[in-house]
Amino acid sequence: KYLQYDFFSSAAHAVSNVLPEQMSFRPMTDMLPECLQAQVEEKLNLSQDIEAADAREIFVQRLLQRLVSENKDRPGAPALSSPAIQVDPLSLSCLL
């Protein structure tokens, strides 16, 4: 008996650890294929927008690094003794 209880309790704990902390239940009308398809498409569009924003941010960071390195290499370039100012790379992307 003890062995069966131990096996059952370990299986129940394993299942409990895999499940999310909170679950949201939807009405049956929300589970129609048309509604689910719209939700899936919205989620995919959102993930593509996030990936595009990340790509733009990486591009802007590379551009800034290149411009800074080119400015250092110029003989008549002003000295970079002034303190660096924090700039949002995405706000600079509108200047391109």
Side-chain angles (χ1 to χ4, degrees):
K1 271 287 191 196
Y2 179 75
L3 188 60
Q4 288 177 344
Y5 171 77
D6 191 33
F7 177 72
F8 177 74
S9 66
S10 64
H13 284 293
V15 169
S16 174
N17 290 338
V18 171
L19 294 175
E21 292 289 325
Q22 233 179 2
M23 295 200 60
S24 60
F25 292 97
R26 299 180 186 174
M28 288 301 289
T29 56
D30 287 352
M31 300 302 287
L32 295 173
E34 296 83 19
C35 294
L36 293 175
Q37 182 66 26
Q39 290 176 358
V40 168
E41 288 175 359
E42 180 181 339
K43 195 75 120 165
L44 288 175
N45 289 338
L46 180 63
S47 67
Q48 290 172 351
D49 292 344
I50 290 173
E51 289 175 2
D54 290 342
R56 283 191 299 264
E57 185 174 334
I58 291 170
F59 171 75
V60 170
Q61 288 175 351
R62 286 184 189 166
L63 179 66
L64 289 174
Q65 289 172 354
R66 190 183 78 203
L67 290 175
V68 167
S69 67
E70 286 176 0
N71 196 20
K72 285 182 185 177
D73 295 340
R74 291 184 189 166
L80 296 174
S81 60
S82 61
I85 299 172
Q86 288 288 349
V87 177
D88 180 30
L90 290 177
S91 64
L92 292 177
S93 67
C94 68
L95 298 175
L96 297 176

Residue pairs meeting salt bridge (charged side-chain N to carboxylate O under 4.0 Å, His left out), one or both in residues 59-68, sequence neighbours left out, come to R66-E70
Hey, what else clusters with L19 if you join Ile, Leu, Val, Met, Phe, Trp, Tyr whenever side-chain heavy atoms sit under 4.5 Å?
V15
Quick one: does S9's side chain have a donor or acceptor within less than 3.5 Å of a partner on Y5's backbone?
yes
Could you work out the complete set of other residues in the hydrophobic cluster of V40, with links drawn between I, L, V, M, F, W and Y side chains under 4.5 Å apart?
L44
All side-chain contact (heavy atoms from CB on, under 4.5 Å) counterparts of L64, not counting sequence neighbours
V60, L92
Quick one: side-chain hydrogen bond (donor to acceptor under 3.5 Å, both in side chains) partners of E41, sequence neighbours excluded?
Q37
